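Quick caveat, the model's predicted, so the values are computed rather than measured. Note: hydrogens, waters and symmetry copies are ignored here, and every other heavy atom, side chains too, is used. To find a chain, count down the sequence lines: A is the first, B the second, and so on, and within it residues start at 1.
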Amino acid sequence: MTIPSMSETQAGMAAAPAFDPRAEGQRLIKGWYASLQGANERKEPVANIFVMGNALEILRAFDFHLVFPEINSLQTGVRKVSEEYLRISEDYGMSPDVCSYVKADVGLLLKDMQHPSGKIPKPDIAVSSNMCSTFIKWAEIWERWMKTPTFVLDLPGQRAAGWEVRPGDERHRTDSRWIEAQFRDLIARCEKITGKRFDMGRLAEVEERTNTMVRHWNNVMALNRHTPSPYNAMLDGLTFIGIMNVYRGTAEGVEYMRRLEEHLRGKVARGEGRISGEKFRLIFSGTPCYVSMRRLIELFEVWGGTFVYSDYLTFAAGGLDATGLFYDTSRPLESLAEVTAIAAHRGLSHQFFSHEQLAQQVKDYAADGVVFHGIKSCRFVSSGMADTREYIARTLGVPSLYIESDLIDARYWSDAQIKNRVDAFFEALQQRGGAPGTQPAGAEAGRAQ
Amino acid sequence: MPSTATHDPEAQLVALLERCLAAIREPALPAADTLSAKFTGTLGFFPSYFPEEIAHAGGLFPGNLLGGGNRMEMRLADARIGSFICSICRSTTELALNGSLERMKVFITHPICDAAKHLAGIWSRNNPQQLAEILYLPQNVNSAGAVDYLRDEFHRLARDLEKHTGVVIREDAIRSSIRIYNENRRLLRELYRIRREEPWRVSWPESYLLLRARTRIPCEEHSVILAEALEAIRRREIKTQDKPRVVFLGGFCEQPPLEMLEAIDDACFVVDDDLLIGLRWFIQDVADTGDPFYQLALNYIEHSAASPVQHDEHKSKEDYLQTMLRESQADAAILAAAKFCEPGLDDQLAWSKDLDQKGIPHLVLEFEEKMTTFEQMAMQVETFAESLLFSLS
Ligand code: SF4
Ligand code: SF4
């Protein structure tokens with residue numbers, strides 16, 4: 001991953017047509033939902049998959065429609081209707097203490113798959129990885145309710161702190177072998193469901209497109225190392241990651257990422273940041289609060305604070321940016337297993353040892369602090385967070401803030417409390433000597449056009 | 001170990017149970033120098049399953065860490081782990097921070113849930129001198145290759161332990177540990193058989209104490225205790241009571257307090273349960289010939305129990321509960337879940353809906369290891385048991 005030179009960025013800018021990443025992202029997501037409509041009736045195969053560890057390239061090679069239940073759930077939050085889905089599922093008996101994404105999805109099942117974005121088709125197969133253990137319990141619900149055959153893709157992850165796994169070493173070979181064996185099993189099941197023979201050439205084509213997307217994606221991430229940073233990782237980044245997931249391995253996905261990179265290079269070349277007068281560069285650790293994300297960002301931007309990177313952009317996009325690898329399309333299946341194994345180690349399960357990467361990211365992105373967002377219902381990100389925070393304060397002396405809410409459950413958003421904490425954090429940052437004289441500005445006044 | 005055998009089976013059992021109770025009273029593992037010379041250190045593992053034979057063969061006493069129970073004071077963990085995490089993870093974090101386990105050499109956790117996986121990170125940040133790992137037991141046991149993968153993972157674990165302790169783990173030593181554990185598991189199966197067939201002979205808390213003692217007493221010594229206890233149980237002169245037969249689910253990880261077991265046992269015969277299922281994971285002996293890593297892996301995949309934290313497409317959660325009910329001829333089920341335990345809560349709901357549909361009576365309970373009052377729960381259980389007896393009469 002390299003930061004481009006100015007001449008490269010200018011060349012990119014000159015070629016760039018007008019591109020609005022948000023509007024284009026929304027258009028694509030709408031198009032994806034539209035393509036799902038009537039899939040069952042048309043007898044087209046449908047697969048439910050998760051964003052972390054999903055064998056997506058294989059499923060695409062079989063022309064499965066891909067349903068991302070996590071995205072369905074988060075969309076209920078974005079569209080401010082999550083409360084209804086959560087209530088229905090709690091009334092049914094789901095515990096308030098389980099992942100709110102699962103509960104929103106149970107609400108969807110109980111509403112006969114009626115989602116604000118249309119009717120969601122029923123899956124012919126579900127692929128769940130073990131990267132978040134909740135995925136497995138979630139898929140068991142589909143198994144139970146819709147008789148969906150579930151394939152649990154077991155990805156052995158990072159075993160310990162300081163764990164090193166290098167492409168081709170013994171650890172990597174052992175894990176890749178196991179993953180490849182599972183891919184072969186999955187392929188046999190997909191052949192049975194679709195009645196189609198697996199086509200290795202198709203897999204290579206899909207992988208080629210994923211490779212191109214990942215190249216752009218890596219550059220997009222690296223571009224935010226510039227000051228000012230061209231985008232906010234936890235606002236604009238949420239649109240980008242949606243496309244990275246939903247359109248991975250497609251021509252539209254490649255085109256979006258190409259234009260996104262071009263667009264951001266243009267901003268960097270012009271010295272344009274997400275906000276004017278960027279004062280504090282922050283790392284966000286955790287998952288978003290989709291019901292209140294704009295408000296949360298506003299609380300930071302009034303102080304000139306922006307999120308230059310978030311581990312969410314890595315783990316919730318399949319972790320491919322962390323591998324340093326691309327698919328070798330001359331050996332598509334073996335290579336898929338090898339890249340998946342490394343992604344599981346470095347891009348997904350590293351979350352359990354997140355202090356290691358955070359320390360690096362603080363350096364890479366020249367960050368002034370880390371914001372931890374603890375989510376009651378997501379133990380995957382939250383269980384070790386308070387301890388990680390203490391560790392990075394103790395060992396790196398990096399200032400940090402801990403706030404708590406939920407992904408899509410508005411009941412856990414406490415505006416006054418969060419605002420107080422954010423304000424206190426910035427006051428402390430100023431006292432440390434960062435960005436002297438910073439005063440909270442009007443939210444809109446602080447934002448670049 | 002001196003034998004406690006006496007002519008009075010009741011007195012003998014009491015002595016054995018007191019020994020078990022004393023062994024499990026402390027949340028920490030015993031210090032290696034209080035154990036036989038065979039052990040040069042200790043390894044603490046989080047629930048549910050761990051291949052104890054591998055550690056045992058390497059001179060490490062493997063002890064199942066089971067949180068802090070309801071007597072431990074939480075002083076340090078509150079600031080380090082969310083209030084929305086289950087009690088066993090919170091109190092295990094306390095143990096990691098308060099020095100209780102500082103003499104332990106190795107900490108192993110498993111991918112049973114995300115809170116459990118995070119314990120390896122917490123451990124490594126706070127006790128860097130100890131080896132802290134996640135042992136990736138496969139969540140896909142149905143694809144060909146699962147046994148080979150797990151064999152390699154067990155092998156890797158052995159090499160990591162060797163590197164950390166300097167003790168070579170020989171294959172014949174593992175085979176001999178397998179024999180020791182096979183014997184222990186046979187005795188535990190016998191204990192559970194008695195519970196199913198003659199539940200009045202051994203109360204649920206008694207049986208639990210006997211089982212749980214394996215988490216603090218080396219396996220070979222524990223087998224002696226178990227064998228003597230079984231003998232005493234068989235010789236006991238005790239009459240049956242008029243209590244309904246129930247199975248209990250929800251004890252695969254965080255442990256309900258002993259007082260809760262007593263409250264349930266007062267009203268019901270608990271004829272089967274999933275308490276500490278990881279210690280009883282193998283339902284048949286492990287072969288003590290050939291590659292021991294392979295044999296352990298094979299049993300894990302092919303000849304094992306079931307739990308909410310292991311996915312297996314051939315063992316639906318509803319089916320294994322039905323099998324349990326049928327094989328123990330139980331009248332009803334008690335479906336418990338530890339507070340904030342996502343896998344437990346998910347399956348509790350699924351079981352409850354399934355039993356509703358099948359018209360099988362059940363009671364839903366939530367518990368925490370740190371609970372100290374049980375009156376309300378006792379009343380609930382009593383009412384449930386009375387209604388069962390009424391409907392059965
Ligand atoms: S627990 Fe977290 S990572 Fe897992 S499904 Fe829920 S929101 Fe996603
Ligand atoms: S009690 Fe449940 S949530 Fe807690 S560690 Fe065990 S399985 Fe995980």
Taking the side chain as every heavy atom from C-beta outward, state whether [X] and [Y] have any pair of such atoms under 4.5 Å apart.
{"X": "B:Arg156", "Y": "A:Thr174", "result": "no"}
{"X": "B:Asn140", "Y": "A:Phe151", "result": "yes"}
{"X": "B:His311", "Y": "A:Glu143", "result": "yes"}
{"X": "A:Arg144", "Y": "B:Asp354", "result": "no"}
{"X": "A:His355", "Y": "B:Ser124", "result": "yes"}
{"X": "A:Asp175", "Y": "B:Tyr149", "result": "yes"}
{"X": "A:Met94", "Y": "B:Asp346", "result": "yes"}
{"X": "B:His118", "Y": "A:Arg379", "result": "no"}

Pick one of side chain, backbone, both or neither for [X], based on which atoms fall under 4.5 Å of a heavy atom in chain A.
{"X": "B:Ala116", "result": "neither"}
{"X": "B:Leu135", "result": "neither"}
{"X": "B:Ala115", "result": "both"}
{"X": "B:Ile122", "result": "both"}
{"X": "B:Pro138", "result": "both"}
{"X": "B:Ile81", "result": "both"}
{"X": "B:Leu137", "result": "backbone"}

About how many Å separate [atom2] of [Y] and [atom1] of [X], when rounded to the nearest 0.5 Å?
{"X": "A:Phe353", "Y": "B:Ile134", "atom1": "CZ", "atom2": "CD1", "result": "4.0 Å"}
{"X": "B:Asp152", "Y": "A:Glu170", "atom1": "CG", "atom2": "CD", "result": "7.5 Å"}
{"X": "A:Glu390", "Y": "B:Arg125", "atom1": "CD", "atom2": "CZ", "result": "9.5 Å"}
{"X": "B:Gln139", "Y": "A:Ser129", "atom1": "CD", "atom2": "OG", "result": "10.5 Å"}

State whether the side chain of [X] and the backbone N or O of [Y] hold a donor-acceptor pair below 3.5 Å, judged by distance alone.
{"X": "B:Asp114", "Y": "A:Cys132", "result": "no"}
{"X": "A:Asp387", "Y": "B:Arg80", "result": "no"}
{"X": "A:Lys137", "Y": "B:Pro308", "result": "yes"}

Can you tell me which portion of [X] sits under 4.5 Å from chain B's heavy atoms? Options are side chain, backbone, both or neither.
{"X": "A:Thr134", "value": "both"}
{"X": "A:Arg189", "value": "side chain"}
{"X": "A:Trp138", "value": "neither"}
{"X": "A:Tyr92", "value": "both"}

ask   = Among residues 177-187 of chain A, which residues come closer than 4.5 Å to chain B, judged by heavy atom distances?
value = A:Arg177, A:Trp178, A:Ala181, A:Gln182, A:Asp185

message = Other residues, nucleotides and ligands only: do more than 12 of their heavy atoms fall within 6.0 Å of CZ on A:Arg394?
response = yes

query = Counting only heavy atoms not in A:Gln417, do more than 12 fall under 6.0 Å of its CD?
reply = no

If you look at every heavy atom in [X] and [Y], which pair is closest and at what distance?
{"X": "B:Tyr136", "Y": "A:Leu155", "result": "CE2-O, 3.8 Å"}
{"X": "A:Ile375", "Y": "B:Phe84", "result": "O-CE1, 3.9 Å"}
{"X": "A:Ala160", "Y": "B:Ala132", "result": "CB-O, 3.3 Å"}

Who among [options] has the most heavy-atom pairs with chain A under 4.5 Å?
{"options": "B:Ser83, B:Ala146, B:Ser352, B:Ala79", "value": "B:Ala146"}
{"options": "B:Pro128, B:Ala337, B:Ala120, B:Ser316", "value": "B:Ala120"}
{"options": "B:Glu133, B:Lys353, B:Glu318, B:Lys317", "value": "B:Lys353"}
{"options": "B:Cys89, B:Cys341, B:Gly145, B:Pro111", "value": "B:Gly145"}

Top of [options] for chain B proximity - count of heavy-atom pairs under 4.5 angstrom:
{"options": "A:Lys376, A:Arg389, A:Glu404, A:Arg171", "value": "A:Lys376"}
{"options": "A:Pro149, A:Cys99, A:Ser128", "value": "A:Cys99"}
{"options": "A:Glu356, A:Met385, A:Gln158", "value": "A:Gln158"}

ask   = Any side-chain donor paired with an acceptor under 3.5 Å for A:Ser349 and B:Lys117?
value = no

query = Using 4.0 Å as the upper bound for N to carboxylate O, is an ion pair formed by B:Glu153 and A:Arg159?
reply = yes

